[in-house]
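Here is the structure we will look at, set down as structure tokens.
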Protein chains: 2
Amino acid sequence: MSSIDTELANTIRWDIIDGTFAHGARLTEAKLCDSHNVSRTPVRLALRRLEQEGMIRKGEGRGYVVEEVTVEGIKQAVQVRGHLESLAARLMAQSKNKPQDLDRMALAIERIEALIDQGSLDDETLTKMHAENFTFHSTILNGCGNSYVKFTCDQISHLPMLASGSMVFDRDSIDGKKDIDKTILRLKIGNSQHRIIYKAIEQEDPVRAEGMMREHSNTMIEYIEVFEHRNTKLTVRDLVSYSVQGKPDKESQKTGTGN
Amino acid sequence: MSSIDTELANTIRWDIIDGTFAHGARLTEAKLCDSHNVSRTPVRLALRRLEQEGMIRKGEGRGYVVEEVTVEGIKQAVQVRGHLESLAARLMAQSKNKPQDLDRMALAIERIEALIDQGSLDDETLTKMHAENFTFHSTILNGCGNSYVKFTCDQISHLPMLASGSMVFDRDSIDGKKDIDKTILRLKIGNSQHRIIYKAIEQEDPVRAEGMMREHSNTMIEYIEVFEHRNTKLTVRDLVSYSVQGKPDKESQKTGTGN
DNA sequence: ACAGACCATTTGGGATCCCATAATTGGTCA
DNA sequence: TGACCAATTATGGGATCCCAAATGGTCTGT
């Protein structure tokens, strides 16, 4: 249990993301105090945090207004994150002394492969897969030698699907066992990209590492676009339901990769 | 005049940057209340802001400790920013409907050229040049179509030389009229890079736009390294004194480019 | 003399109060 | 009837108070 203001910020953030607070709605300190039964101090801290995250901004005159969170915005943020990850991959490929990091990445790749080969995509498997994906991506961010890359990524990781290692799945297909082959193929392709990134970094090929990571990031954007194509009224809320790692109440990225 | 907590955050931030608060120093709310004669509410808001900026972090038990701001860290942040700007350049090259933005960029380039051709690098000229440089770079960030690029850049712009359009000069050379030719040459090269970026964007050549912007960003890093080579004990404070736009107490980037 | 427990002081989180000011409403005058 | 001005209210910023938790030092018992 964190402090009240942190919890409050999380609550409000998700109220904004899932549409409880509509775009343009005005937030006043007093209302939030009343509805959450807390005093104004934590409310003010929470609002300040959300303002810095860009979820809300000072309105004209008084009060805050909630910013719009759109599918397009998520895609843009994923693009930014992917671009930063590609920088990390390039830098890591140029760096020396990374055997430990490489080992951890290789292990994550093998474990993901094993999980895919199980053939069943239940929640437990997805959770494990996400953990390994998280390990792979965080290792690169942490091991690239430029700590600002990770810092900057974390700065935007409050948005859905922006946390390190986030994955998007077609839950309809998984739950209904429909098109499961297509989903598994997608996962296999994703992990093969992991292999290429690993190899490029290991062989100190920065251009290939950067390019492959960029491609890998594009995968998520394209997958989101598949959803958009299938459902032209796709909401951010829908998108969240398709992602592994629901409400990230636990700040899992704090632990990092342990190095 | 902003609110007290904003001013306080600015003050503490610069105390950290210029070394008044040493790396690892503990900040307690009570001390800051006492030394700045304010109550704990604004202090807490200021500390929260600085924490999110990464300038300080929660210590082991109680209190905050100041993070180290090093020349190496600045270089890393400049690299991140440059990488994001190269994404912006690529995206803008791919986009349509940007004649206004292109006009503004062309105008900035010509004005910078005119300022360089004056041959004298007094403070007023540098300030004007910085303004044009700011226009050029912000126009790309704002006009690339991905608003998260600009947002993410702004997230790290509290560090010295990270604000949009920041420039680094060899003040020793300027004040003492020594090596002024070398400085002018450097400026001319920088502006020629501007021209190439402009041309690539105008001709919708994303690869060239991205590559040239990356090169343009590297220029600042290399320039910093020139200073490091000349003075092996170069401090962040020294670096700040070499940059145009001292303490950015005025949040000049708020105005943007007007679109 | 050393170890463990206990107490005091420090410190941070939260609640409440006060005040300045922006927004709104109502009234009056042209 | 419409516009302008004043009074009231809503709201946010800052100050102060209270409480819980943690830290450090001391005291006592073995």
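Chain A is the first sequence line, chain B the second, and so forth, proteins listed ahead of strands; every chain is numbered from 1.
No engagement by B/L47 is indicated, since no non-hydrogen atom pair under 4.0 Å with the nucleic acid exists.
When side chains are defined from C-beta on, A/T28 does not count as touching A/R62, because their heavy atoms never get closer than 4.5 Å. Looking only at side-chain heavy atoms (C-beta outward), A/V65 and A/I56 stay at 4.5 Å or farther from each other.
One can place CG of A/D5 at 10 Å from P of C/dA15, the figure rounded to the nearest angstrom. With rounding to whole Å, B/I4 atom CD1 is found 12 Å from C/dA20 atom C1'. D/dT11 atom P lies 17 Å from atom NZ of A/K58, rounded to whole Å. Taking atom CZ of residue A/R26 and atom P of nucleotide D/dT11, one finds them 11 Å apart after rounding to whole Å. Between A/R49 atom CZ and C/dG13 atom C1' there is a gap of 13 Å when expressed in whole angstrom units. Going from atom NE2 of B/H36 over to atom C1' of D/dG14 covers 16 Å, rounded to whole Å. Summarising the geometry, the separation between CG on A/L27 and P on D/dG12 is reported as 10 Å, rounded to the nearest angstrom. Whole-Å rounding puts the A/D34 CG to D/dT11 C1' distance at 15 Å.
Both B/P42 and A/Y64 sit near DNA chain D, but only A/Y64 has its closest nucleotide nearer the 5' end.
The number of heavy atoms from other shown groups lying within 6.0 Å of CG (B/N97) does not exceed 12.
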**Request:** Could you please spell out the steps behind the ring pair (Phe, Tyr, Trp, His ring centres under 6.0 Å) verdict for A/H137 and A/H194?
**Result:** CA-CA 9 Å; A/H137 286 270; A/H194 285 170; 5.4 Å; yes
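Not one N or O on the side chain of A/H83 forms a donor-acceptor pair closer than 3.5 Å with the backbone of B/L84.
Looking at residues two or more places apart in sequence or on another chain, you find a salt bridge (Lys or Arg N to Asp or Glu O under 4.0 Å) between A/R90 and A/E210.
In this structure, the nucleotide among C/dG13, D/dG14, D/dG12 sitting nearest to the side chain of A/S3 is C/dG13.
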**Asked** How would nucleotides 16-23 of chain D be written as a contact map, 5' to 3', with B for base contact, S for sugar-phosphate-only contact and - for no contact, using protein heavy atoms under 4.0 Å?
**Response** BBB--BSS
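Results of the side chain to side chain donor-acceptor pair (under 3.5 Å) test with B/R81 over B/S86, B/S164, B/S157, B/S166 single out B/S164 as the only residue that passes.
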